[in-house]
There are 2 protein chains.
Amino acid sequence: MRIGELARAAGVKAETIRYYEREGVLASPPRTQANYRDYGPEHARRLNFIRRARDLGFSMTRIRELLELADDRSRACHAVDTLARAHLGEVNRKIADLEALRRELRRMLENCEQGTVGTCLVIEALAEGTEA
Amino acid sequence: MRIGELARAAGVKAETIRYYEREGVLASPPRTQANYRDYGPEHARRLNFIRRARDLGFSMTRIRELLELADDRSRACHAVDTLARAHLGEVNRKIADLEALRRELRRMLENCEQGTVGTCLVIEALAEGTEA
DNA sequence: TATACACCTTGTAGTCGCTACAAGGTCAAG
DNA sequence: CTTGACCTTGTAGCGACTACAAGGTGTATA
């Protein structure tokens, strides 16, 4: 299986696959006579894992850790759970931040909706330090 | 007022201020004899505006637009409102994405909480394509 | 006066996770 | 024999900073 085919199968670009190889999260496959990368099903599985973790927002660093744990079948589960839980915490924080931000944006916009011309209240809200 | 003082006042690093100047969102201040940047209160106000907009998640490009509108006191309000509203839309989308992601992470972790050893269900959830 | 130290200057490179592009090699079909 | 799709490598760009190097300035103290 060549890189383009694998890319289509996984829904990523060929460049991304090469990037994962450079980054050391995807093993270098054997090469054909023409020096083309030649992937097998285990590469596809690995790439799938990486993509799913990325889609869930795990960083490359975290994914490296997850892969290490995943490869050590014996004593993985607890450590994996810890990583995933830490990540969930980060996601929760991000959501909370964005919700606070949304409240503020809405407050700003409510004021502006009253049709005030001339001096724009949104601009003023930005200029003054209305405490984030 | 020198760059360090302004930085402390605004809660950013001096490098960030120089970056804003390079990017053209903060005007180049006059220089002292020693070639130090010499800021006045209007710079502080401008920097405040930028920081507040950044904290609200506006991109530098958006901020450039906001500043242009803010500087044209006459016909700003409607355009500003539109920008802010578009931004609110983006924030809403981000929150929805993160919430979907959180649901998935939680589902993964619930399975793992049952104390399964050996074959970790979190790893399996990542390996299989449990439909994001 | 010397010197130590905090502060300033410029320019360059690194961060993250790709993405884009250039310049060239390979292979099958028409 | 040429076209076109695919592959190769290497390098540079994105956004919003951040870090660092190498050097100049200003002030307080020994």
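Just so it is clear: chains get the letters A, B, ... in the order the sequence lines come, proteins before strands, and each one is counted from 1. Just so we're clear, the structure is a prediction, and the values are computed from it rather than from any experiment.
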For [X] and [N], give me the distance from atom [atom1] to atom [atom2], rounded to whole Å.
X       : N      : atom1 : atom2 : answer
A:Ile63 : C:dC18 : CD1   : C1'   : 12 Å
B:Gln33 : C:dC8  : CD    : P     : 17 Å
B:Ile17 : C:dC7  : CD1   : P     : 14 Å

Spatial distance of atom [atom1] ([X]) from atom [atom2] ([Y]) [nearest 0.5 Å]:
X        : Y        : atom1 : atom2 : value
A:Glu110 : A:Leu105 : CD    : CG    : 11.5 Å
A:Asp38  : A:Ile3   : CG    : CD1   : 11.5 Å
B:Glu23  : B:Thr16  : CD    : OG1   : 11.5 Å
B:Asp55  : A:Glu104 : CG    : CD    : 9.0 Å
A:Arg85  : B:Arg106 : CZ    : CZ    : 10.5 Å

Could you give all pairs that pass the side-chain hydrogen bond (donor to acceptor under 3.5 Å, both in side chains) test and reach residues 25-34 of chain A, with sequence neighbours left out? A:Glu21-A:Ser28, A:Arg31-A:Asn35

Applying side-chain hydrogen bond (donor to acceptor under 3.5 Å, both in side chains) between A:Tyr20 and each of A:Arg51, A:Glu15, A:Arg46, report the one that passes. A:Arg51

When clusters are formed by joining ILVMFWY residues with side-chain heavy atoms under 4.5 Å apart, either directly or through shared neighbours, do A:Tyr36 and A:Ile17 land in the same one? no

Please give the angle, rounded to 10 degrees, between the axes at the start and the end of the helix from C:dT1-D:dA30 to C:dG30-D:dC1, where five pairs define each axis. 30°

Letter per nucleotide, 5' to 3', of nucleotides 7-23 of chain D [B base touched, S only sugar-phosphate touched, - untouched; heavy atoms, 4.0 Å]: SBB------BBSBB---

